[in-house]
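Throughout, numbering of the chain's residues begins at 1 and tracks the sequence. All of these numbers come straight from a predicted model, not from anything done at the bench.
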Amino acid sequence: MAGGASIGRRGILALGAVAALGAVTALGACAPASREADGEKGGEGRDRGSTKGSAKGGGQAEVHTDPAPLERRFTLLGPLTDVHWLGTPLGEDSRMSVPGPVDTRVVGAARLEAGAGAALVAVVRRDFRPGKPERLPKKLAAFMPEDAEWVRSETFNQEVTGGRYTGEFYIDAAADRVYFDTIDPNVAASTGP
């Protein structure tokens, strides 16, 4: 092919590289806002109460006791007390991987306001059924009631998460306790930035 109209094989490869770089940049823009902006790292917003966990096997998770980050994400539960939770990154990063967001499992237990457990479970359309939390982290075992009568509801899970993230919520109505196990819970739209 004569003239400058044809870009050739090298030109096509170069365009492909530019397109790939553009896609990576666009995906990076979709990453969730930093946790610093949400008050979970650094400065005054730092978790005011946490208990260092053992760092076996690279486990960096601390048992947190600050209810504020949970109350911003799980607004339907109302005010929480006696809170114990972990924020654990899922997956491992390596020097060979492309930098990017990492999913975080947020799991824990808390006490609801008096009567809130019964009120949440009493909503008939939620159809709560007996269920037992699975995959309880060892660091939280000491904070879980042994005689809890947990119930769960797919409808309630959907109400709390708004379909924005994955999450399971178990309620012990008699003891006004909640157990939650979520992946990347974000701040509810109604609570502002």
Side-chain angles (χ1 to χ4, degrees), residues 23-53 55 57-80 82-112 120 126 131-141 143-144 150 152-171 177-193:
V24 168
T25 302
L27 287 175
C30 293
S34 76
R35 287 186 173 88
E36 288 184 26
D38 194 28
E40 287 185 38
K41 282 190 179 177
E44 295 176 25
R46 176 84 175 141
D47 177 17
R48 293 182 234 339
S50 65
T51 309
K52 285 276 186 192
Q60 307 161 334
E62 297 178 16
V63 176
H64 300 277
T65 57
D66 182 10
L70 303 176
E71 290 172 343
R72 285 193 306 270
R73 286 162 174 78
F74 312 143
T75 57
L76 195 59
L77 299 177
L80 303 172
D82 192 21
V83 176
H84 297 91
W85 61 278
L86 297 170
T88 309
L90 299 177
E92 294 285 327
D93 191 18
S94 72
R95 294 175 190 248
M96 300 298 287
S97 67
V98 175
V102 174
D103 289 334
T104 302
R105 179 182 182 205
V106 177
V107 57
R111 183 170 306 282
L112 303 166
L120 291 170
R126 291 181 177 152
K132 187 173 181 179
E134 299 175 8
R135 303 179 335 136
L136 175 68
K138 289 179 184 177
K139 290 181 182 179
L140 293 177
F143 306 109
M144 292 293 288
W150 299 114
R152 64 178 302 281
S153 161
E154 286 298 325
T155 303
F156 183 70
N157 292 344
Q158 182 67 24
E159 284 180 51
V160 176
T161 66
R164 295 181 313 271
Y165 58 89
T166 303
E168 293 205 5
F169 297 83
Y170 296 82
I171 307 289
R177 300 284 301 174
V178 61
Y179 172 82
F180 51 90
D181 194 344
T182 64
I183 305 294
D184 292 334
N186 55 28
V187 175
S190 64
T191 64

Backbone N/O of G131 and side chain of R152: donor-acceptor pair under 3.5 Å
no
Under the side chain to side chain donor-acceptor pair (under 3.5 Å) test against R126, which residue among Q158, E154, E159 passes?
E159
Against F180, only a single residue in W85, Y170, Y165, F74 fulfils ring pair (Phe, Tyr, Trp, His ring centres under 6.0 Å); can you say which?
F74
So, the side chain of E71 versus the backbone of L80: is there a donor-acceptor pair under 3.5 Å, distance only?
yes
Heavy-atom closest pair, residues R73 and P69:
NH1-O, 3.0 Å
Can you tell if the side chain of F169 reaches within under 4.5 Å of the side chain of L76, non-hydrogen atoms only?
no
To the nearest 0.5 Å, tell me how far L77 CG sits from F156 CZ.
5.0 Å
Can you see which heavy atom on P137 is nearest to which on V107, and at what distance?
CG-CG1, 3.6 Å
Apply the side chain to side chain donor-acceptor pair (under 3.5 Å) test between R105 and each candidate in D184, T182, D181, T166; give the one that qualifies.
D181
In terms of heavy-atom contacts, L140 and G108 come closest through CD1-CA, 3.7 Å
Does a side-chain heavy-atom distance below 4.5 Å link H64 with L86?
no
Provide the closest heavy-atom pair for T104 versus G87 in the form atom of the first, atom of the second, distance.
CG2-C, 3.9 Å
Please round to the nearest 0.5 Å and tell me the distance separating atom CE of M144 and atom CH2 of W150.
4.5 Å
Can you measure from CG (L112) to CG (D82) and round to the nearest 0.5 angstrom?
11.0 Å
